[in-house]
Amino acid sequence: MDNGEKPKRKQPQKPRLINWKWVLTITVLSFMISVSMSWLSSEALAQVNNIVAFVILLLFIALGILFDIIGMAATSATEKEFHSMASRRVAGAREAVWLSRNAEKVSSICNDVVGDIAGIISGATGAVITSRITQGLPPLGTLVVTMTITGLIAALTIGGKAVGKGLGIRFSVRIVHTAGRVLALLPISPAGKK
């Protein structure tokens with residue numbers, strides 16, 4: 001400056017601790033996905049026998065594990081791994097860049113929203129199956145069936161996620177690119193206009 005004063009340094013802004021827009025978005029999204037999955041589950045279970053109900057239960061557990069893997073892969077991969085693919089216009093590469101760039105939100109949606117909802121729905125599905133199987137059983141039989149199904153759901157979910165986390169880290173680039181290719185097929189891509 002001409003009068004000899006030192007220019008004032010702009011104070012760095014502190015990042016906001018809570019992104020309220022994101023919190024509201026994820027809350028509404030969680031509600032909508034939860035209601036949809038719960039409705040699909042109850043409609044499917046009302047019209048099937050116990051064997052098909054077990055298959056539906058396993059599908060919900062697998063869904064939670066799959067999205068946990070995607071969430072872990074998104075946090076492990078870095079976007080630079082996809083830039084050369086995007087410059088060569090490889091299908092899904094732009095979406096993979098978007099997934100890795102937004103890893104925090106992707107992880108929140110995959111692990112917390114879909115993963116947790118799948119866990120809740122699988123627990124509710126297990127309860128429906130348990131009530132069907134235990135009709136007419138004595139209290140001890142009911143207790144054994146209830147504990148067995150609950151333990152099975154917990155073991156498959158936790159064991160599957162433990163394996164999935166390792167796979168998500170080890171094969172993060174492949175997993176994120178595959179997820180990007182799936183997103184590229186959607187009519188509205190999160191990576192922007194094609």
Side-chain angles (χ1 to χ4, degrees), residues 22 25-45 48-79 81-82 92 95-133 145-186 189-190:
W22 172 245
T25 302
I26 204 76
T27 302
V28 171
L29 185 65
S30 300
F31 177 78
M32 291 177 4
I33 292 172
S34 180
V35 167
S36 301
M37 287 175 67
S38 181
W39 180 78
L40 285 171
S41 172
S42 62
E43 286 295 309
L45 290 174
V48 298
N49 61 30
N50 287 340
I51 293 170
V52 177
F54 267 111
V55 171
I56 291 169
L57 171 62
L58 293 175
L59 287 174
F60 277 117
I61 292 171
L63 182 72
I65 294 167
L66 174 67
F67 274 84
D68 202 61
I69 291 169
I70 295 168
M72 181 58 66
T75 57
S76 298
T78 58
E79 65 179 274
E81 296 160 322
F82 304 108
E95 287 75 13
V97 169
W98 183 88
L99 287 167
S100 56
R101 185 176 290 163
N102 294 283
E104 184 181 341
K105 291 179 179 178
V106 171
S107 175
S108 182
I109 290 170
C110 290
N111 298 74
D112 300 332
V113 177
V114 179
D116 290 351
I117 290 171
I120 291 165
I121 301 295
S122 63
T125 305
V128 170
I129 294 169
T130 300
S131 69
R132 286 183 182 182
I133 293 173
V145 170
T146 302
M147 289 173 64
T148 302
I149 291 176
T150 302
L152 183 67
I153 292 169
L156 289 174
T157 302
I158 294 167
K161 287 187 176 188
V163 171
K165 285 189 189 325
L167 293 173
I169 293 169
R170 184 164 182 187
F171 300 106
S172 60
V173 174
R174 257 192 249 170
I175 292 167
V176 172
H177 185 229
T178 302
R181 291 177 78 162
V182 171
L183 285 177
L185 297 174
L186 297 178
S189 170

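The basis for the numbers below is simple: all heavy atoms, side chains too, and nothing from hydrogens, waters or symmetry mates.
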Specify the closest pair of heavy atoms between [X] and [Y], including all atoms of both residues, with the distance to one decimal.
| X | Y | answer |
| --- | --- | --- |
| Thr75 | Ser107 | CG2-CB, 3.6 Å |
| Asn111 | Gly71 | OD1-CA, 3.1 Å |
| Lys165 | Met72 | O-CG, 3.6 Å |
| Ala179 | Ile70 | CB-CG2, 4.4 Å |
| Ala96 | Val176 | O-CG1, 3.7 Å |
| Gly126 | Leu57 | N-CD1, 4.2 Å |

Side chains of [X] and [Y] in contact at under 4.5 Å (non-hydrogen atoms):
| X | Y | value |
| --- | --- | --- |
| Leu40 | Ile121 | no |
| Val106 | Trp98 | yes |
| Val182 | Glu95 | no |
| Lys161 | Ile158 | no |
| Ser100 | Thr78 | no |
| Cys110 | Asp68 | no |
| Leu99 | Phe82 | no |

Please report the interatomic distance [atom1]([X]) to [atom2]([Y]), rounded to the nearest 0.5 Å.
| X | Y | atom1 | atom2 | result |
| --- | --- | --- | --- | --- |
| Ser42 | Met37 | OG | CE | 12.0 Å |
| Ser76 | Glu81 | OG | CD | 9.5 Å |
| Ile117 | Leu63 | CD1 | CG | 10.0 Å |
| Phe54 | Ile133 | CZ | CD1 | 4.0 Å |
| Leu183 | Arg181 | CG | CZ | 12.5 Å |
| Ile169 | Ile175 | CD1 | CD1 | 10.0 Å |

### Task
Evaluate side chain to side chain donor-acceptor pair (under 3.5 Å) for Ser41 paired with Thr125, printing each intermediate quantity in order.
CA-CA 7 Å; Ser41 172; Thr125 305; 3.2 Å; yes
Do the side chain of [X] and the main chain of [Y] share a donor and acceptor less than 3.5 angstrom apart?
| X | Y | value |
| --- | --- | --- |
| Asn102 | Lys105 | no |
| Thr157 | Ala154 | no |
| Ser34 | Phe31 | no |

### Message
Looking at Arg170, I want to see if its CZ is surrounded by more than 12 non-hydrogen atoms of other residues, nucleotides or ligands under 6.0 Å.
### Response
no
